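Throughout, residue positions are numbered sequentially from 1 according to the sequence presented. Just so it is clear, the model here is predicted, and its values are computed rather than measured.
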Amino acid sequence: MQHEAHAHEQQHTGHENHQGHEGHEGHAGHHEHHGRHEPHGRHEPHGRHGQHDHQGHATGAVSWSMAMKATLHCLTGCAIGEVLGMIIGTSLGWGNAPTMVLAIVLAFFFGYSLTLWAVVRAGLSLKAAIGVALAADTLSITVMEIVDNGVLLLVPGAMDAHLSDALFWGALAFAFLVAFLITTPVNKWMIGRGKGHAVVHQYHH
């Protein structure tokens with residue numbers, strides 16, 4: 001009788017220990033689930049915060065310095081193209097109209113080329129770089145060429161001046177200055193909206 005009672009007590013004790021062990025596993029599982037769930041809850045706001053920062057950077061305030069650098073980049077290509085076009089046209093004895101057309105074409109060519117060179121060096125493929133250059137420079141170069149050539153047409157005698165004349169170089173410098181002053185606000189507006197040279201900035205880092 002005592003042996004049976006002792007065996008019964010061991011079975012009862014083992015049953016309680018087994019229940020306690022199961023309860024402990026369930027409790028541990030609950031903590032494990034809670035531990036996994038808590039970082040996930042913190043991760044989502046972090047993602048939203050990063051997205052907010054990126055959007056704020058794309059549409060935030062743009063400094064005049066940034067806009068001036070973008071305009072100077074376009075002006076450099078335009079100046080190279082225009083001067084080269086005028087030298088070629090004058091050397092070949094062309095009239096004002098074909099010389100101006102050649103100068104404008106070369107201005108676009110060299111303006112795009114500077115951007116292509118920069119983004120290809122950053123690791124972009126040539127095809128992708130062409131798309132970036134077209135998006136970054138088209139409007140800026142267009143505005144610059146309209147203003148630049150418009151000023152040259154308005155300055156008396158500028159289009160008929162020769163490369164050796166001071167009037168030619170003085171009128172050209174003045175035209176570039178006016179084009180720079182007018183194109184800079186355009187670039188500032190475009191960059192502030194994630195367009196123009198804003199698409200190039202990400203490849204400069």
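- Rounded to the nearest 0.5 Å, atoms CG (Leu114) and CG (Leu75) are 11.0 Å apart.
- Counting only heavy atoms from C-beta outward, the side chains of Met100 and Leu153 approach each other to under 4.5 Å.
- Note on Leu177: it clusters hydrophobically with Met68, by side-chain heavy-atom contacts below 4.5 Å among ILVMFWY residues.
- Side-chain atoms of Asp165 do not come within 3.5 Å of backbone N or O of Ala161 as any donor-acceptor pair.
- Distance check, rounded to the nearest 0.5 Å: CE of Met190 to OG1 of Thr138 gives 8.5 Å.
- Between the OG1 atom in Thr99 and the CD1 atom in Ile88 there is a gap of 10.0 Å [rounded to 0.5 Å].
- Side chains of Glu82 and Asn149 form a contact here, defined as non-hydrogen atoms less than 4.5 Å apart.
- Of all heavy-atom pairs between Ala107 and Glu145, the closest is CB-OE2, 3.5 Å.
- In terms of hydrophobic clustering, with Ile, Leu, Val, Met, Phe, Trp and Tyr side chains grouped at heavy-atom distances under 4.5 Å, Ile104 and Leu152 are assigned to a common cluster.
- Using a 4.5 Å heavy-atom threshold, the side chains of Phe168 and Met159 count as separate.
- Here the shortest heavy-atom pairing between Asp137 and His73 reads OD1-CD2, 4.2 Å.
- Hydrophobic clustering keeps Leu92 apart from Val105 (ILVMFWY residues linked when any side-chain heavy atoms are closer than 4.5 Å, directly or through intermediates).
- Hydrophobic clustering (side-chain heavy atoms under 4.5 Å, transitive across Ile, Leu, Val, Met, Phe, Trp, Tyr) groups Phe176 together with Ile87.
- Taking 4.5 Å as the limit, some side-chain heavy atom of Trp64 sits within range of a side-chain heavy atom of Pro185.
- Counting heavy atoms from C-beta on, the side chains of Thr76 and Phe110 never come closer than 4.5 Å.
- The line from CG of Asn187 to CZ of Phe180 is 9.0 Å long, rounded to the nearest 0.5 Å.
- Within a 6.0 Å radius of CZ in Phe174, other residues, nucleotides and ligands contribute 12 heavy atoms or fewer.
- In this structure, Ile191 and Ala67 approach most closely via the heavy-atom pair CD1-CA, 4.4 Å.
- The two residues Leu172 and Asp148 come nearest to each other via the heavy atoms CD1-OD1, 4.4 Å.
- Following chains of ILVMFWY side-chain contacts shorter than 4.5 Å, one cannot reach Ile141 starting from Ile182, and the two form parts of different hydrophobic clusters.
- Of the residues Val178, Thr142, Val186, Leu181, the one that meets the side-chain contact (heavy atoms from CB on, under 4.5 Å) test with Val147 is Val178.
- The minimum heavy-atom distance linking Gly85 with Leu102 is given by the pair O-CD2, 3.7 Å.
- Remark: Leu134 CG to Leu139 CG distance equals 12.5 Å, nearest 0.5 Å.
- Counting non-hydrogen atoms of neighbouring residues, nucleotides and ligands closer than 6.0 angstrom, the CH2 atom of Trp169 exceeds 12 such neighbours.
- The heavy-atom pair separating Cys78 from Met144 by the smallest distance is SG-SD, 3.8 Å.
- Using a 4.5 Å heavy-atom cutoff, the side chains of Tyr112 and Phe108 are in contact.
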